[in-house]
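A quick note: this is a predicted structure, and the numbers were derived from the prediction, not measured. Excluded from the calculations below are hydrogen atoms, water molecules and symmetry mates; all remaining heavy atoms, backbone and side chain alike, are included.
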Amino acid sequence: MEADDQKGLERVLSQKALAMSSSFPCQICVVGFLSGVCLTSLFLAALTSFGRFEFGGIQLHQISATILPWNSNSPIALGESSSKPLRAVEKEVNLKGRNREKVSLLYSAWSTLLNESLDTSTDPKASVPNAPHLENCKSKAKMNRRLDTRYGNATFPPWTLWKGSLDTFFKDSGDEQLNDFRHQDISEGANPPWVTGSNDENYPLTRKVQRDIWLHQHPLNCHDPEVKFLVADWERLPGFGMGAQIAGMCGLLALAIAEKRVLVTNYYNRADHDGCKVTPSVHLMQVGLATFLPEASRECRERAFELTNQKEAWNKGIIKAKENYTSKEIWAGRTPRNWGTPWSYLQPTTEINGSLLKFHRKMDRRWWRAQAVRYLMRFPTEYTCQLMNAARHAAFGNEAAEMVLESYKEKWPKEDTDIEKYVWANHKAWIPRPLLSMHVRMGDKACEMKVVEFKEYMRLASRIRKQFPNLKSIWLSTEMQQVVDLSKLYASSGWKFYFTNVQRQVSNITMATYEASLGRKMSTEYPLVNFLMATEADYFIGALGSTWCFLIDGMRNTGGKVMAGYLSVNKDRFW
């Protein structure tokens, strides 16, 4: 039975390898497919056993305190083998070798499917097992656009109690009563689907605020004379990193809400590289933003760009630009009071120096930026989904393959049932849990805040593990090569590190110089991967003096992670 399964997997892998005959940007290039013939499983295992994978120049490596199960150089424990008969030892070695071969085969098969949006329908007789760590990006992007679009006369998109793709199960049902209930549910407005967790696991009023911002940015009639606009470019100055650019846009969104204007972004300079795909179906060509769905409706963006060419619209104040406001208004302006002062009762779940913070000077800014960044990043595009698929596959793909092979003792499933298609498909992609994300910021940041040595971050990590002893995995985000090197010293303590394999700083050069050395594409993609991985991790350690950590904290606190707590190594700038 297992031989038939492996042969079927080899057949699928061979077909996938034959299809890979041309290069493609921002997609997967798998080392090992040297020809279109079906290579022997042993050769494939040798080629893919390094646990390394590349997507658009981004590579992920893993450092482990233990010998990884797919490592072809894994030694045999002499203490065990010395007491066993020779034949028993040989049988054990052969079994481990076959397992490594199958893990490598499955990993390689998934690698080829990444370029085909996980389409396993090429050969229904030899379908590849489901990859729990990957998402169907085409399907998810289609669902996200549906959940971000108002249909007919409905006030809201189809935000019902039915989640994700389950919403489409009865979409075309002929049951009039059912459709009436659905229409009523949609019109009354359910909760925004991009907010997860209960109300007490998020910042106060998160669901209401997210719903209200969406309505503000998606008026029923964008051509109504009463609708005004604020058209703003993302910050272009080279000294502004991604964190600063996002923080600035949070301030512009606050100004737009205060003045009852629809915010429309015109140019996002982080998406102006050749590798960033623009999806014409959601009309992103004008803004160049291919990482998340636009902040405003398609109709409002078109109307805003039309008005920018009319002098009268500028004179009457129907449209404004970023240049109409001072830097202080954008970066340190007044937080919208539309929802009262919910920041005055934030739950104290952030710890610095062993004490919970009950109050700090910028509580309103912390609350608002969390709401703004959550809205701006509410729905990733297909491009971002593929980027995260590749990152997870490179980091966790071999572990996922080993886990799947252990669960399948018989034939591979041939087709999905309704529950797999409509219910289980809505679950998030698998990552090894519990996972701790750690952002270590050093380098030129010393001119803005007190930088802390890596050993302090690891001291805090050990504190978390004392409370949660099953914690061993760390997603490490840093621009310093020194930090990556130091992480190897903690492998003997049982820690397993994952990180993007990019060129890192070896001296205290400025961030602008460092990013320029990486190029626009790389300097945009790898921080985005780190950011989104941090928002999904179970725990987070960072420095609130860093704007990047500040924004990650906000995404976590509007994504059901308030009660996970946050350990910060400093309290600079915002406290």
Side-chain angles (χ1 to χ4, degrees), residues 192 194-195 199-218 228-232 234-235 240 242-265 292 295-296 320-350 357-378 448-449 535 542 544-559 561-562 566 568 571-575:
W194 58 88
V195 180
N199 288 335
D200 57 2
E201 292 175 319
N202 288 287
Y203 272 169
L205 301 183
T206 291
R207 282 188 167 82
K208 176 175 174 53
V209 173
Q210 294 299 308
R211 183 173 63 241
D212 291 349
I213 295 177
W214 192 93
L215 287 174
H216 174 88
Q217 291 291 113
H218 297 76
K228 299 179 180 180
F229 300 93
L230 168 55
V231 179
W234 290 73
E235 189 57 62
F240 285 78
M242 288 181 66
Q245 290 174 331
I246 295 171
M249 195 55 63
C250 291
L252 288 166
L253 181 58
L255 289 169
I257 289 176
E259 297 184 3
K260 295 182 172 54
R261 296 178 180 275
V262 176
L263 175 66
V264 174
T265 59
F292 298 93
E295 69 294 322
K320 282 188 177 182
K322 182 172 62 176
E323 290 70 25
N324 291 105
Y325 305 93
T326 65
S327 295
K328 183 177 180 179
E329 289 175 312
I330 295 173
W331 293 93
R334 183 180 176 87
T335 297
R337 260 50 175 188
N338 303 46
W339 304 278
T341 59
W343 49 84
S344 62
Y345 51 95
L346 295 181
Q347 297 188 72
T349 59
T350 299
L357 290 176
K358 297 180 181 179
F359 178 81
H360 50 83
R361 292 188 296 110
K362 303 296 181 180
M363 292 179 70
D364 58 338
R365 187 178 301 172
R366 189 180 184 191
W367 178 87
W368 168 248
R369 283 188 178 175
Q371 300 297 339
V373 72
R374 169 58 61 179
Y375 175 79
L376 293 172
M377 295 185 173
R378 66 195 182 284
E448 299 179 14
M449 70 176 195
T535 65
L544 281 178
S546 162
T547 301
W548 194 244
C549 290
F550 197 76
L551 296 172
I552 289 174
D553 180 58
M555 281 286 282
R556 291 174 58 82
N557 289 330
T558 53
K561 296 286 196 309
V562 163
Y566 174 31
S568 176
K571 59 177 182 179
D572 294 344
R573 293 177 61 194
F574 294 106
W575 311 98

K.L.:
Kindly give the heavy-atom pair with the smallest separation between V562 and T349, and that separation in Å.
P.N.:
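Nearest heavy atoms, V562 then T349: O-OG1, 3.2 Å.
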K.L.:
Any idea which heavy atoms bring K358 and P348 closest together, and the distance?
P.N.:
CA-CB, 4.2 Å
K.L.:
Do F292 and L376 have side chains that get closer than 4.5 Å, going by heavy atoms?
P.N.:
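Heavy-atom side-chain distance check fails, nothing below 4.5 Å.
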K.L.:
Taking atom OH of Y203 and atom CH2 of W343, what is their separation to the nearest 0.5 Å?
P.N.:
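That separation rounds to 13.0 Å.
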K.L.:
Taking atom CZ of R374 and atom OG1 of T206, what is their separation to the nearest 0.5 Å?
P.N.:
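Here the rounded value is 9.0 Å.
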K.L.:
Sequence neighbours excluded, which residues qualify as salt bridge (charged side-chain N to carboxylate O under 4.0 Å, His left out) partners of D212?
P.N.:
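With neighbours one apart ignored, the set is K208.
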K.L.:
Would you say N202's side chain and G559's backbone share a donor-acceptor pair under 3.5 angstrom?
P.N.:
yes
K.L.:
Closest heavy-atom contact between M363 and F359?
P.N.:
SD-CD1, 3.2 Å
K.L.:
Can you check whether Q217's main-chain N or O pairs, donor with acceptor, with E295's side chain at less than 3.5 Å?
P.N.:
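No; zero donor-acceptor contacts below 3.5 Å.
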K.L.:
Identify each donor-acceptor pair in which a side-chain atom of residues 246-255 lies under 3.5 Å from a protein atom, sequence neighbours left out, and give them as a table.
P.N.:
none

K.L.:
Once you round to the nearest 0.5 Å, how far does CE of M242 lie from CH2 of W548?
P.N.:
4.5 Å
K.L.:
CG of D553 to OG1 of T558: how many Å apart, nearest 0.5 Å?
P.N.:
9.5 Å
K.L.:
Looking at R337 and T335, would you say the former's side chain and the latter's main chain have a donor-acceptor pair under 3.5 Å?
P.N.:
yes
K.L.:
Give a yes or no on whether the backbone of G554 and the side-chain of N557 come within a donor-acceptor separation of less than 3.5 Å.
P.N.:
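No, because the side chain of N557 does not come within donor-acceptor range (under 3.5 Å) of the backbone of G554.
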K.L.:
Ignoring hydrogens, what is the shortest heavy-atom contact between R378 and H218? Give both atom names and the distance.
P.N.:
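Heavy atoms only, the tightest pair is NH2-CE1, 4.0 Å.
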K.L.:
If you look at every heavy atom in R366 and L544, which pair is closest and at what distance?
P.N.:
NH2-CD1, 4.2 Å
K.L.:
How long is the gap from NE2 on H360 to CG on L346, to the nearest 0.5 Å?
P.N.:
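H360 atom NE2 to L346 atom CG measures 6.0 Å (nearest 0.5 Å).
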K.L.:
How far does CZ of R369 sit from CE of M555, to the nearest 0.5 angstrom?
P.N.:
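So the gap between those two atoms works out to 15.0 Å.
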K.L.:
Taking C-beta and beyond as the side chain, do Q371 and W339 meet within less than 4.5 Å on heavy atoms?
P.N.:
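Contact flag for Q371/W339 side chains = no.
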K.L.:
Please list, chain by chain and in numerical order, all residues satisfying salt bridge (charged side-chain N to carboxylate O under 4.0 Å, His left out) with E329, sequence neighbours excluded.
P.N.:
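E329 satisfies salt bridge (charged side-chain N to carboxylate O under 4.0 Å, His left out) with no other residue.
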K.L.:
Is V262 close to K228 at the side-chain level, that is, under 4.5 Å between some pair of heavy atoms?
P.N.:
no
K.L.:
Report yes or no: does H216 contribute a side-chain atom to a donor-acceptor pair with the main-chain N or O of R261 at less than 3.5 Å?
P.N.:
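Yes; at least one donor-acceptor contact below 3.5 Å.
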K.L.:
So which heavy atom on P336 is nearest to which on W368, and how close?
P.N.:
CD-CD2, 3.9 Å
K.L.:
Are any of the side-chain heavy atoms of W214 and P192 separated by less than 4.5 Å?
P.N.:
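Counting from C-beta outward, W214 and P192 never come under 4.5 Å.
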